[in-house]
Amino acid sequence: MEFQVGKAILQLIKGDITDVETDAIVNAANSSLMGGGGVDGAIHRKGGPKILEECKRIRATEWPDGLPTGKAVITSGGNLKAKHVIHTVGPVWLGGFHVEAELLKQAYKNSLRLAVAKGLKTIAFPSISTGAYGYPIEDASGIAVRTVKEFLEKEDKLEKVVFVLFSERDFEIYLETAKSILAR
Ligand code: AR6
């Protein structure tokens with residue numbers, strides 16, 4: 001399913017993000033940048049050791065105490081079809097009384113900014129924070145779609161943003177959200 005947003009295409013697909021051939025895929029990482037389960041585990045498994053090596057270098061130089069929630073960094077894509085991996089850290093859901101929504105927005109926004117800063121044209125996101133980190137997907141999908149929409153309306157360098165949803169249910173939820181936010 002595709003939507004036109006500004007000059008760009010916003011696409012929703014059901015699938016595995018490690019198979020996607022965009023300039024960058026985004027990893028829903030944790031602050032350690034040392035890998036984990038879920039989409040993080042899948043990216044490191046398929047991308048191979050080069051990605052972890054670069055993450056270690058980032059920890060040793062730029063972020064010795066770990067990557068703060070909401071920030072983003074970039075490595076190569078290793079053996080993946082995508083040329084780069086942008087690693088961001090979404091918030092752990094703590095009931096919505098904290099700053100989860102703002103931090104989730106920052107995770108998307110900083111990933112998009114980094115892609116533009118590196119001259120990339122296409123980027124794919126998983127549903128950040130809605131797995132192990134427990135963010136309710138109905139709310140998270142709204143933040144994801146709105147943040148990308150606001151970004152693409154101001155910034156015309158990106159050509160395509162893809163949301164890659166891992167299950168049929170997640171895909172349906174994102175689709176309903178996108179229709180309600182993007183349909184004119
Ligand atoms: N492609 C696309 N989406 C996927 C894939 C895949 N290959 N695998 C899982 N998902 P999660 P989080 C979906 O838990 O909630 C890790 O251990 C999954 O179904 O990967 O941000 C990290 O190291 C869900 O909808 O990320 C962190 O410690 C979505 O991706 C922590 O989990 C996000 O689920 C981050 O938790």
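First listed ligand is number 1; within each ligand, the first listed atom is number 1. Only heavy atoms go into these numbers, but all of them, side chains included; no hydrogens, no water, no symmetry mates.
By the 3.5 Å distance cut-off applied to N or O atoms, V164 is not counted among the residues near ligand 1. Residue contacts with ligand 1: T18 is placed with no nitrogen or oxygen under 3.5 Å of a nitrogen or oxygen of the ligand (distance criterion only). The N/O atoms of G131, backbone and side chain alike, include one that comes under 3.5 Å of an N/O atom in ligand 1.
Per-residue contacts place V39 under 4.0 angstrom from the following atoms of ligand 1 (heavy atoms of the residue considered): 1 (N), 4 (C), 5 (C), 6 (C), 8 (N), 9 (C), 10 (N), 20 (O). Of all atoms in ligand 1, numbered sequentially from 1 with element shown, those under 4.0 Å from a heavy atom of D40 are 22 (C), 23 (O).
Heavy atoms only, all atoms of each residue included: L80 and T18 are closest at CD2-O, 3.8 Å. Residues A115 and L158 come closest through the heavy atom pair CB-CD2, 4.3 Å. In plain terms, the two heavy atoms of P91 and L103 that are nearest each other are CB-CB, 4.0 Å. Taking all atoms of both residues into account, the shortest heavy-atom contact from S111 to F125 is CB-CE2, 3.7 Å.
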(request) Show the numbers, then the answer: is there a side chain to side chain contact (heavy atoms under 4.5 Å, CB included) between L10 and F163? (result) CA-CA 8 Å; L10 194 160; F163 286 115; 3.7 Å; yes
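Using a 4.0 Å cut-off between heavy atoms, D170 contacts ligand 1 through its side chain alone, with no backbone atom that close.
Looking from atom 31 (C) of ligand 1 to the surrounding protein, the closest heavy atom is Y133 CE2, 3.6 Å. Annotation: atom 14 (O) of ligand 1 to nearest protein heavy atom, A132 N, 2.8 Å. If you check which protein heavy atom lies closest to atom 21 (O) of ligand 1, you get S129 N, 2.8 Å. For atom 26 (O) of ligand 1, the closest non-hydrogen atom on the protein side is A28 CB, 3.8 Å. Ranking protein heavy atoms by distance to atom 1 (N) of ligand 1, first place goes to I17 N, 2.9 Å. What sits closest to atom 7 (N) of ligand 1 on the protein, heavy atoms only, is D16 OD1, 2.8 Å. Atom 28 (O) of ligand 1 has as its closest protein heavy atom N30 ND2, 3.2 Å.
Look at E54 and K50 and you find a salt bridge, because one of the NZ, NE, NH1 or NH2 atoms lies within 4.0 Å of a carboxylate O, short of that distance. With respect to the salt-bridge test (charged N to carboxylate O, under 4.0 angstrom), the residues K149 and E153 qualify. Salt bridge absent: K179 and E172 never bring a charged side-chain N and a carboxylate O closer than 4.0 Å.
Remark: among candidates Y174, W93, F166, the nearest residue to atom 4 (C) of ligand 1 is F166, based on non-hydrogen atoms. For atom 33 (C) of ligand 1, the nearest non-hydrogen atom from the set G37, G35, S127 comes from S127.
In terms of modelled atom types and a separation under 3.5 Å, the side chain of Y133 and the main chain of V89 share no donor-acceptor contact. In terms of modelled atom types and a separation under 3.5 Å, the side chain of E53 and the main chain of P49 share no donor-acceptor contact.
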